[in-house]
Amino acid sequence: MEETALGILGSLIASGRTADVYAWGADQVVKLYHDWFGLEDIQFEQRMAQAVQASGLCVPAVGEIIQVNGRDGLIYQRVDGSLMWEALARQPWRMISLAYRTAELHADLHGIVAPTDLPEQRRRLQRKIEQARALPEELRQRALAALDKLPAGDRICHGDFHPGNILLTGRGEVVIDWIDATRGNPLADLARTSILALGSAATAQVPQKAMKASLRLFHALYLRRYFRLRPGGYAEYRRWLPVVAAARLSENIPELEQWLVTQAIE
């Protein structure tokens with residue numbers, strides 16, 4: 001442990017693309033961001049977390065922005081548990097129940113009207129499509145035209161919903177990492193989860209053949225359960241897939257680019 005002027009920085013809990021998460025005191029964590037992640041982006045994440053928390057969802061409470069050892073950080077309530085993807089790796093026989101539970105959580109989330117201060121999903125998708133360098137111009141214009149014809153919505157959309165953002169705790173599941181939350185169409189949010197899962201299974205993001213097969217099965221089970229809970233809309237969901245694939249190209253993940261361009265064509 002390392003003591004700072006603000007408190008005690010505990011052990012490293014997790015590392016990600018944008019930040020490292022450390023224990024902070026007895027019942028909190030601090031998310032310390034890498035240098036390239038700007039203060040405005042951290043302030044945006046704080047506002048999003050506050051808005052989602054105000055909606056009544058079971059999410060970690062967000063605290064203040066601090067600086068530790070020259071790094072900007074954001075305080076969160078500590079929630080002890082294991083990520084769902086870790087449970088899947090350890091206990092593959094739970095595949096069906098966890099896939100169904102993922103769908104149930106997503107469907108419940110989409111039943112909630114979003115706070116008005118969440119960003120608009122359509123604007124975010126439009127901006128991502130416009131910024132996607134790997135997207136050929138013809139496909140860019142096609143994706144923007146398709147987006148313009150799809151209906152907007154007013155529901156909470158997570159924007160990055162997958163088993164790596166679901167914590168299994170003694171009190172139930174907790175959905176984490178709300179930085180991409182928007183107010184929008186649930187079927188677009190569903191399509192985002194599909195693009196995440198199917199892209200990983202189709203590319204070098206998941207190298208092992210057995211894991212690829214497991215991921216495809218998990219996705220199929222999840223999708224079937226979701227549409228049983230929220231029937232209708234499958235045709236519209238299919239129309240969202242190429243639009244969401246085009247938007248994901250803005251994230252500049254080299255191993256996914258060829259696959260995403262292919263999906264954006266369909």
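When a residue number appears, it is its place in the shown sequence, counting from 1. Keep in mind that the numbers below use all heavy atoms, side chains included, and drop hydrogens, waters and symmetry copies.
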inquiry  = Would you say that more than 12 heavy atoms from the other residues, nucleotides or ligands in this model lie under 6.0 Å from the CZ of Arg90, or not?
reply    = yes
message = So Pro151 and Glu236, do their side chains get closer than 4.5 Å, heavy atoms only?
response = yes
query = Does the Asp72 side chain pair with the main chain of Leu39, one donor and one acceptor, at a distance under 3.5 Å?
reply = no
query = Quick one: are Ile195 and Trp259 in side-chain contact, heavy atoms under 4.5 Å?
reply = yes
ask   = Between Arg183 (side chain) and Leu118 (backbone), is there a donor-acceptor pair under 3.5 Å?
value = no
query = Are there more than 12 heavy atoms of other residues, nucleotides or ligands under 6.0 Å from atom CG of Leu229?
reply = yes
task = Mind checking the CG-CG spacing from Leu187 to Leu150? Nearest 0.5 Å is all I need.
result = 9.5 Å
message = Any salt bridge linking Arg155 with Asp189? Criterion: basic side-chain nitrogen under 4.0 Å from a carboxylate oxygen.
response = no
message = Could you tell me if the side chain of Arg101 sits less than 4.5 Å from the side chain of Ile166, heavy atoms only?
response = no
message = Quick one, Lys31 and Asp177 - any side-chain contact, counting heavy atoms below 4.5 Å?
response = yes
message = Using a 6.0 Å cut-off, check whether atom CE of Met95 has over 12 heavy atoms from anything other than its own residue.
response = yes
query = Just by distance, do the side chain of Arg122 and the backbone of Leu147 share a donor-acceptor pair under 3.5 Å?
reply = yes
query = Out of curiosity, Glu251 CD to Arg17 CZ, how far, rounded to the nearest 0.5 Å?
reply = 7.0 Å
message = Any heavy-atom pair between the side chains of His34 and Asp20 that's under 4.5 Å?
response = yes
key: Donor-acceptor pair, side chain of Arg140 and main chain of Ala132, under 3.5 angstrom   = yes
message = Does any part of the side chain of Leu57, heavy atoms only, come nearer than 4.5 Å to the side chain of Ile156, both counted from C-beta?
response = yes
ask   = Does Ala19 offer a backbone N or O that forms a donor-acceptor pair with the side chain of Arg71 under 3.5 Å?
value = no
key: Donor-acceptor under 3.5 Å (Arg78 side chain, Val29 main chain)   = no
ask   = For Gln258, does the CD atom have more than 12 heavy-atom neighbours from other residues, nucleotides or ligands under 6.0 Å away?
value = no
query = Atom CD in Gln67, atom CG in Leu32: separation rounded to 0.5 Å?
reply = 10.0 Å
inquiry  = Test side chain to side chain contact (heavy atoms under 4.5 Å, CB included) on Val52 and Val175; report intermediate values, then the result.
reply    = CA-CA 11 Å; Val52 171; Val175 180; over 6 Å; no
ask   = Do the rings of Tyr222 and Phe218 sit parallel, tilted or perpendicular, given the 30° and 60° boundaries?
value = parallel
request  = Look up atom CE in Met48 and atom CD in Gln53, then write down how far apart they are to the nearest 0.5 Å.
outcome  = 13.0 Å
key: CD (Glu137) with more than 12 external heavy atoms under 6.0 Å   = yes
task = For Asp160 and Asn165, indicate whether the former's side chain and the latter's backbone hold a donor-acceptor pair under 3.5 Å.
result = no
ask   = Taking only residues at least two apart or on different chains, which pairs with a member in residues 203-219 satisfy side chain to side chain donor-acceptor pair (under 3.5 Å)?
value = Ser194-His219, Ser200-Gln205
request  = Please check if the side chain of Gln263 supplies one atom and the backbone of Leu241 the other of a donor-acceptor pair under 3.5 Å.
outcome  = no
task = Sequence neighbours left out, what pairs pass ring-ring contact (aromatic ring centres under 6.0 Å, His included) with at least one residue falling in residues 53-82?
result = none
ask   = Any side-chain heavy-atom pair from Tyr22 and Ile13 closer than 4.5 angstrom?
value = no
query = So, do Asp148 and Gln126 sit near enough that their side-chain heavy atoms are less than 4.5 Å apart?
reply = no
request  = Please list all pairs passing the ring-ring contact (aromatic ring centres under 6.0 Å, His included) test where one or both residues lie in residues 120-164, with sequence neighbours left out.
outcome  = His106-Phe161, His158-Phe161, His158-Trp178
ask   = Between the main-chain N or O of Leu83 and the side-chain N or O of Glu86, is there a donor-acceptor pair closer than 3.5 Å?
value = yes
note = In this structure, CG of Leu217 is separated from CG of Leu221 (nearest 0.5 Å) by 4.5 Å
